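For the numbers below, each heavy atom of this structure counts, side chains included, while hydrogens, waters and symmetry mates do not. We're numbering straight along the sequence, starting at 1. What you are looking at is a predicted structure, and each value in this text was computed from that prediction instead of being measured.
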Amino acid sequence: MRVLPNRVLSHRLLLACALALGVAGCSSDNTMHDVGSGATAISSGTGARTLGVNSYLWHATLDTLSFIPLASADPFGGVVITDWYSAPQVPNERMKVTVYILDRNLRADGLKVAVFRQVKGPDGWADAQVANDTSTKLEDAILTRARELRLASEGN
């Protein structure tokens, strides 16, 4: 019998746990959408639990930032943090985005976007200034997508 090193064993165990969670998450969809407020409720055996953020803003944020890999996404706290992303056309520049969904209602002030930018120099990556309107443009794109999602759900 071959003995695996602890590091390989722990990676395999972590992979098995991740696959098990992924399969469990696909087993059923217990979400219910409240079209009026945009709140999403997750049902359980004891009753429904409503998320703390607007589901249209949440889904619009994920749709808008889908081209960037996510570092973390908390649907209860309403925080989406991307990983660093470099566009293929500009490999010496990268950006990271953090989105805070602050309200359960679909409102323009229920969203805050922070953008971070770095430029690669001879000493490695260094923080750089972000254009003043970058966060506003991202907020507008997310809000526009949220309105589209709401209109689409009202038509059903």
Side-chain angles (χ1 to χ4, degrees), residues 14-15 17-121 124-156:
L14 183 62
L15 178 63
C17 288
L19 290 173
L21 287 173
V23 170
C26 295
S27 63
S28 66
D29 181 15
N30 293 332
T31 60
M32 299 177 290
H33 298 281
D34 179 359
V35 175
S37 70
T40 299
I42 298 175
S43 63
S44 66
T46 59
R49 220 169 88 184
T50 304
L51 296 181
V53 298
N54 182 280
S55 68
Y56 301 119
L57 289 174
W58 177 255
H59 290 103
T61 299
L62 296 178
D63 284 354
T64 304
L65 299 176
S66 64
F67 65 98
I68 304 176
L70 293 181
S72 76
D74 177 9
F76 294 100
V79 179
V80 175
I81 302 172
T82 70
D83 205 350
W84 287 104
Y85 169 76
S86 291
Q89 305 85 356
V90 192
N92 292 334
E93 185 177 315
R94 65 183 185 178
M95 63 180 271
K96 184 174 188 167
V97 179
T98 301
V99 177
Y100 303 97
I101 301 170
L102 306 170
D103 201 331
R104 292 181 61 198
N105 297 311
L106 180 54
R107 301 168 39 126
D109 62 351
L111 186 70
K112 179 174 173 35
V113 175
V115 179
F116 306 94
R117 181 176 161 249
Q118 289 186 335
V119 176
K120 191 172 189 177
W125 293 102
D127 291 339
Q129 189 166 3
V130 178
N132 292 337
D133 62 343
T134 303
S135 294
T136 305
K137 286 181 180 178
L138 265 174
E139 286 177 6
D140 290 345
I142 292 169
L143 289 168
T144 299
R145 179 68 183 137
R147 281 185 223 109
E148 291 172 356
L149 291 172
R150 182 176 179 159
L151 289 173
S153 70
E154 289 175 349
N156 294 329

Problem set entry | Nearest-0.5 Å distance that lies between atom CG in Asp109 and atom CD in Glu139 | 10.0 Å
For this session: Could I get the full list of side-chain contact (heavy atoms from CB on, under 4.5 Å) partners for Thr136, not counting sequence neighbours?
Result: Asp140
Problem set entry | Exercise: identify the closest heavy-atom pair between Trp125 and Gln118 | CB-OE1, 3.4 Å
Exercise. Once you round to the nearest 0.5 Å, how far does CG of Leu65 lie from CZ of Arg145?
Worked result: 12.5 Å
Exercise. Within a reach of under 6.0 Å around CG of Asn132, are more than 12 heavy atoms found that belong to other residues, nucleotides or ligands?
Worked result: no
Problem set entry | Closest heavy-atom pair and its distance - Gln129, Arg117 | O-NH1, 2.6 Å
Exercise. What are the two closest non-hydrogen atoms of Ser86 and Pro91, and how far apart are they?
Worked result: OG-O, 4.0 Å
Problem set entry | Heavy-atom pair with the smallest gap, counting every atom of Ala60 and Ile142 | CB-O, 3.3 Å
For this session: In sequence, state the C-alpha distance, the side-chain angles, and the governing distance for Leu102 and Leu111, and then conclude on side-chain contact (heavy atoms from CB on, under 4.5 Å).
Result: CA-CA 6 Å; Leu102 306 170; Leu111 186 70; over 6 Å; no
Exercise. What are the two closest heavy atoms between Leu57 and Ala146, and how far apart are they?
Worked result: CD2-CB, 3.9 Å
Exercise. Taking atom CG of Asp103 and atom NZ of Lys112, what is their separation to the nearest 0.5 Å?
Worked result: 15.5 Å
Exercise. Residues two or more places apart in sequence or in another chain: which of them pass ring-ring contact (aromatic ring centres under 6.0 Å, His included) with Tyr85?
Worked result: Phe67
For this session: Report the C-alpha separation of Met95 and Ile68 in whole Å, then their side-chain angles, then the decisive distance to 0.1 Å, and conclude whether the side-chain contact (heavy atoms from CB on, under 4.5 Å) test is met.
Result: CA-CA 9 Å; Met95 63 180 271; Ile68 304 176; 4.0 Å; yes
Exercise. Applying side-chain hydrogen bond (donor to acceptor under 3.5 Å, both in side chains), which residue pairs with at least one partner in residues 69-84 are found, sequence neighbours left out?
Worked result: none
Exercise. Measuring from Asp63:CG to Tyr56:OH, what's the distance to the nearest 0.5 Å?
Worked result: 13.5 Å
For this session: Of all the heavy-atom pairs spanning Trp58 and Val80, show the shortest one and how long it is.
Result: CZ3-CG2, 3.4 Å
Exercise. Side chains of Val99 and Thr64: does their closest heavy-atom pair fall under 4.5 Å?
Worked result: no
Problem set entry | side-chain contact (heavy atoms from CB on, under 4.5 Å) evaluation trace for Thr61 with Val113 | CA-CA 10 Å; Thr61 299; Val113 175; over 6 Å; no
